[in-house]
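A quick write-up on the structure given underneath.
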Amino acid sequence: MLLSKEVAVCMDLAVCKFKQFSAQMLKANGVNLTPEQFLLVDLLWNEGPMTQQQIADAMHKDKNSVTKFIDSLERKNMVERLRGHIDRRSNLIRLTEKAQELKVHAKEKGISTLDHILDGISEEELRQFLATLNKMTENMVVKKD
């Protein structure tokens, strides 16, 4: 197999397994969120209320995907939409008290899951891996003529 193809297959497999494992660990630890929902809630824990567009930009997701995440989190009573005061078309997304109460437990379980995944990998290896991923990300920009 060509090395470049092997890299692509391995990256795809790793992403799929990461999402599956994360979902299993969240569920096993009583956190009723998908990995994507967890990332959105974690973003709001760290940044406070944000617009849907700010969330989409921060998560590198399209606005339609973010709307679906927000809808599902709203059904779980984890977030609420607040109509913008200046621009009524722009909703501000804020965490509910239920989401705030989950913060310590969920963050602890999220960190322990990541620690498990990264077990046996040195800090130097992780830094090199991140540098390589960043280079690959930079290469994935469509160049206009």
Side-chain angles (χ1 to χ4, degrees), residues 3-119 121 123 125-145:
L3 184 57
S4 58
K5 184 177 178 183
E6 189 173 348
V7 168
V9 169
C10 189
M11 283 180 56
D12 186 56
L13 177 63
V15 168
C16 289
K17 288 192 70 83
F18 179 80
K19 286 183 180 181
Q20 289 172 346
F21 183 76
S22 298
Q24 290 170 347
M25 293 302 288
L26 288 168
K27 185 176 181 179
N29 287 292
V31 180
N32 185 26
L33 299 173
T34 68
E36 291 86 0
Q37 291 170 344
F38 181 85
L39 289 174
L40 194 155
V41 170
D42 188 56
L43 178 65
L44 295 175
W45 281 329
N46 294 329
E47 301 297 325
M50 299 172 75
T51 66
Q52 287 181 232
Q53 188 60 58
Q54 289 171 322
I55 293 169
D57 293 343
M59 293 182 70
H60 303 284
K61 299 277 187 186
D62 63 88
K63 201 169 175 182
N64 289 335
S65 295
V66 170
T67 298
K68 290 177 186 177
F69 295 151
I70 292 168
D71 288 346
S72 63
L73 287 168
E74 202 171 34
R75 284 190 294 276
K76 292 180 179 185
N77 193 29
M78 299 294 278
V79 300
E80 58 187 354
R81 288 178 168 96
L82 304 173
R83 188 176 285 262
H85 297 297
I86 297 169
D87 183 355
R88 292 186 173 267
R89 297 169 295 163
S90 178
N91 290 322
L92 198 61
I93 308 305
R94 147 175 103 179
L95 294 172
T96 62
E97 187 63 34
K98 179 179 178 181
Q100 293 293 357
E101 290 170 4
L102 182 66
K103 183 177 182 177
V104 173
H105 171 73
K107 279 195 170 220
E108 180 183 293
K109 297 306 176 187
I111 290 169
S112 67
T113 297
L114 289 174
D115 287 345
H116 178 82
I117 291 168
L118 300 175
D119 188 43
I121 302 171
E123 184 176 333
E125 289 173 305
L126 288 174
R127 290 191 189 286
Q128 182 59 50
F129 178 66
L130 285 173
T132 302
L133 282 178
N134 285 328
K135 285 180 186 177
M136 293 171 73
T137 301
E138 289 169 11
N139 290 340
M140 288 188 263
V141 175
V142 178
K143 297 176 183 171
K144 296 181 181 179
D145 295 327

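- Annotation: the span from Leu130 atom CG to Glu125 atom CD amounts to 12.0 Å, rounded to 0.5 Å.
- With values rounded to the nearest 0.5 angstrom, Lys109 atom NZ is found 4.5 Å from Asn29 atom CG.
- Separation of atoms CE (Met59) and CZ (Phe69) is listed at 5.5 Å; rounding is to 0.5 Å.
- The side chain to side chain donor-acceptor pair (under 3.5 Å) search around Asn64 returns none, not counting sequence neighbours.
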Quiz: residues 33-40 side-chain donor-acceptor pairs under 3.5 angstrom, not counting sequence neighbours:
unit_1: Thr34; atom_1: OG1; unit_2: Gln37; atom_2: N; d: 3.1
unit_1: Glu36; atom_1: OE2; unit_2: Lys19; atom_2: NZ; d: 3.4
unit_1: Gln37; atom_1: OE1; unit_2: Thr34; atom_2: N; d: 2.9
unit_1: Gln37; atom_1: OE1; unit_2: Lys76; atom_2: NZ; d: 2.9
unit_1: Gln37; atom_1: NE2; unit_2: Ser72; atom_2: OG; d: 2.7

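- Considering only residues two or more places apart in sequence or on other chains, Glu101 meets the side-chain contact (heavy atoms from CB on, under 4.5 Å) condition with Glu97.
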* To do: Go through the steps to decide whether Gln100 and Thr96 satisfy the test side chain to side chain contact (heavy atoms under 4.5 Å, CB included), and finish with yes or no.
  => CA-CA 6 Å; Gln100 293 293 357; Thr96 62; over 6 Å; no
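- Looking at residues two or more places apart in sequence or on another chain, you find a side-chain contact (heavy atoms from CB on, under 4.5 Å) between Asp71 and Thr67, Glu74, Arg75, Arg81.
- Side-chain N or O atoms of Trp45 include one that pairs as donor or acceptor with a backbone N or O of Ala99 at under 3.5 Å.
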* Which is it for Val7 and Met136 under the side chain to side chain contact (heavy atoms under 4.5 Å, CB included) test, yes or no, and what are the steps along the way? -> CA-CA 11 Å; Val7 168; Met136 293 171 73; 4.0 Å; yes
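- Under the salt bridge (charged side-chain N to carboxylate O under 4.0 Å, His left out) criterion, no residue pair touches residues 23-32, with sequence neighbours excluded.
- For Phe129, the side-chain contact (heavy atoms from CB on, under 4.5 Å) partners two or more places apart in sequence, or in a different chain, are Leu133.
- One finds the OG1 atom of Thr137 at 9.0 Å from the NE2 atom of His60 (value rounded to the nearest 0.5 Å).
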* To do: Let me see the working for Met78 and Leu102 under side chain to side chain contact (heavy atoms under 4.5 Å, CB included), right down to the final yes or no.
  => CA-CA 9 Å; Met78 299 294 278; Leu102 182 66; 3.4 Å; yes
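- Pairs passing the ring pair (Phe, Tyr, Trp, His ring centres under 6.0 Å) check and including a residue from residues 4-32, sequence neighbours excluded, read Phe21-His116.
- Here Gln20 pairs with nothing under the side chain to side chain donor-acceptor pair (under 3.5 Å) rule; sequence neighbours left out.
- Side chain of Glu108 to backbone of His105: no donor-acceptor contact under 3.5 angstrom is found.
- Annotation: salt bridge (charged side-chain N to carboxylate O under 4.0 Å, His left out) contacts involving residues 39-55, sequence neighbours excluded, comprise Asp42-Lys107.
- Take Ser65 and apply the side chain to side chain donor-acceptor pair (under 3.5 Å) test, not counting sequence neighbours, and it matches Asp62.
- With rounding to the nearest 0.5 Å, the separation of OG in Ser22 from CG in Leu114 is 6.5 Å.
- Put simply, the side chain of Asp12 never gets that close to the backbone of Ala8: no donor and acceptor are under 3.5 Å apart.
- Considering only residues two or more places apart in sequence or on other chains, Glu138 meets the side chain to side chain donor-acceptor pair (under 3.5 Å) condition with none of them.
- For the side-chain contact (heavy atoms from CB on, under 4.5 Å) test, residues two or more places apart in sequence or in another chain that qualify with Ala58 are Leu43, Met50.
- Atom CD1 of Ile93 and atom CG of Asn91 lie 5.5 Å apart (nearest 0.5 Å).
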